[in-house]
Amino acid sequence: MCGRLNQHLSAADIKFAFGTDDARIDLLTPNYNIPPSSQIYGVVGKGPRRIETFRWGLVPPWAKEPDTRFSMHNARADGVASKCSFKAPFRTQRILIPADGFYEWHTTPGGKQPFYIYRRDETPLAFAGLWDFNELLGLSSCAIVTTDANEFMSLVHHRMPVVLEPEDWDIWLDPENDDVVALQNFLKPAADRVLSMHAVHPMVGNPRNKSAEVVAPL
DNA sequence: CCAGACGTTGTT
DNA sequence: GTCTGG
DNA sequence: CCAGACGTTGTT
DNA sequence: GTCTGG
């Protein structure tokens, strides 16, 4: 994980689910099939929370070009406190990335079967993320934190994104909070009952296919 | 000290 | 095989 | 993440 | 900018 998202929800949906203090009109086109390097919505700040847009794939401040070599769409939970590219963002630039769901490809000797994964309670997911800003490029970008799969997810994959529950959101988003030891304790696999999944058509593999058909159960 | 990397995924 | 584009 | 390209020249 | 490797 986690390399493909359904972030179809609107700015108004995000405002409803995350209590963002932001009534701006939609900045992005709803899309059921979003690959890395796309612009996506993120939620930042604490009282008030705000909606911002970010390139999915963190480009650090020292990168001199819009170069994909230094574009990281995932950040391992066990490395956020120590890795060069993540250490500073983990201390002061944490973000929630709202999503309707995400995709995993279950690889077997016979081939790959994509699955669509979403919350069982059908509320939006809130991924733990990190963001940074590159002044030279004028680019805000973000990464999704990953961890080991829980038992449920391990049916299809051995990694999963970190999903935060509403009671954790303020602590995660508080830019004043620099207790990295406590913060790292949030970066655990979700409880097994939180998520649900179903197989979907392989057409989701092509990110040009971005209509609702890609989430339809097979 | 300077030079060079800076990341994850999956697969073998 | 590996990189780029979506 | 997967899909698809992977290249240059000259001509319109 | 900051960390790791030499």
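Convention: sequence-line order gives letters A, B, ...; per-chain numbering from 1.
Across the protein-nucleic acid pair, M72(A) atom CE and dG7(B) atom P stand 6 Å apart, rounded to whole Å. In this structure, the CG atom of N33(A) is 19 Å from the P atom of dG5(C), given to the nearest Å. Taking atom CD on E135(A) and atom C1' on dG1(E), their separation rounds to 13 Å, with Å as the unit. Residue M160(A) contributes atom CE, which lies 13 Å from atom P of dT9(B) at whole-angstrom precision. Whole-Å rounding puts the D132(A) CG to dG7(B) P distance at 12 Å. Regarding H201(A), its NE2 atom lies at a distance of 18 Å from the C1' atom of dC1(D), rounded to whole Å. With rounding to whole Å, K210(A) atom NZ is found 19 Å from dC2(D) atom P. Remark: C1' of dC1(D) and CZ of R208(A) are 15 Å apart, rounded to the nearest angstrom.
Side-chain contact check for T147(A) and R76(A): no donor-acceptor pair (N or O, by modelled atom type) lies under 3.5 Å. Side-chain contact of D121(A) with T123(A): a donor-acceptor pair under 3.5 Å is present, judged by distance alone.
Here W105(A) does not lie in a stacked arrangement on the base of dC2(D), lacking the combination of planes under 30° and ring centres under 5.5 Å apart.
Using a distance-only test at 3.5 Å, with no hydrogens or angles considered, a donor-acceptor pair links the side chain of N134(A) to the main chain of P60(A). At distances below 3.5 Å, not a single donor-acceptor pair connects side-chain atoms of H158(A) with backbone N or O atoms of M153(A).
Each of dT9(B), dT2(E), dG6(C) was ranked by its minimum atom distance to the side chain of N74(A); first place goes to dT9(B). Taking only side-chain atoms of R4(A), from C-beta outward, the nucleotide of dG6(C), dC6(B), dG7(B) with the closest atom is dG6(C). The side chain of N206(A) approaches dG4(D) more closely than any other nucleotide in the set dC3(E), dC1(D), dG4(D). Closest approach to the K87(A) side chain among dC3(E), dT8(B), dG6(C) is made by dC3(E) (side chain taken as heavy atoms from C-beta onward). Nearest to the side chain of R159(A), among dT9(B), dC1(D), dG7(B), sits dT9(B). Checked against dC6(B), dG6(C), dC1(D), the side chain of P207(A) finds its nearest nucleotide in dG6(C). Checking dC3(E), dG7(B), dT8(B) against the side-chain heavy atoms of S85(A) singles out dG7(B) as nearest. Comparing dG7(B), dC2(D), dG1(E) by their nearest atom to the side chain of F86(A) picks out dG7(B).
Across all strands, P35(A) comes closer than 4.0 Å to base atoms (heavy-atom distances). At the heavy-atom level, P36(A) lies under 4.0 Å from base atoms of the strands shown. Among the protein residues, T107(A) comes within range of the sugar-phosphate backbone only, with heavy atoms under 4.0 Å from sugar or phosphate atoms but none that close to a base.
Rounded to a whole angstrom, the distance from the P atom of dC2(D) to that of dT12(B) is 14 Å. When the P atom is compared between dT8(D) and dC1(B), the two are found 44 Å apart, to the nearest whole Å. The C1' atoms of dG6(C) and dC6(B) are separated by 25 Å, rounded to the nearest whole Å. Taking atom P on both nucleotides, dG5(C) is separated from dG7(B) by 23 Å, rounded to a whole Å. As rounded to the nearest Å, dT9(B) and dA5(D) have P atoms that lie 28 Å from one another.
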Kindly express the pairing pattern of DNA chain D in dot-bracket notation, using | wherever a base pairs with another strand and counting only Watson-Crick or G-U pairs under 3.5 Å. ||||||......

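Residue-to-nucleotide contacts include no donor-acceptor pair under 3.5 Å from the side chain of S37(A) to the base of dG5(C).
When every heavy atom of L155(A) is checked against every heavy atom of H106(A), the shortest pair comes out as O-NE2, 3.5 Å. Closest non-hydrogen pair, R49(A) versus G19(A), comes out as CB-O, 4.4 Å.
Taking side-chain N and O atoms only, K83(A) has no distance below 4.0 Å to OP1 or OP2 of dC3(E). Look at R76(A) and you'll find a side-chain N or O under 4.0 angstrom from OP1 or OP2 of dT9(B). Distances shorter than 4.0 Å separate none of the side-chain N or O atoms of T146(A) from OP1 or OP2 on dT8(B).
Residues E151(A) and R193(A) are not paired through a salt bridge, judged by the lack of any N-O separation under 4.0 Å between the basic side chain and the carboxylate.
Residue pairs meeting the side chain to side chain donor-acceptor pair (under 3.5 Å) criterion with at least one partner in residues 172-181 of chain A, sequence neighbours excluded, are absent.
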Applying ring-ring contact (aromatic ring centres under 6.0 Å, His included), run through F127(A) and F102(A) and close with a yes or a no. CA-CA 10 Å; F127(A) 297 130; F102(A) 63 98; 5.7 Å; yes

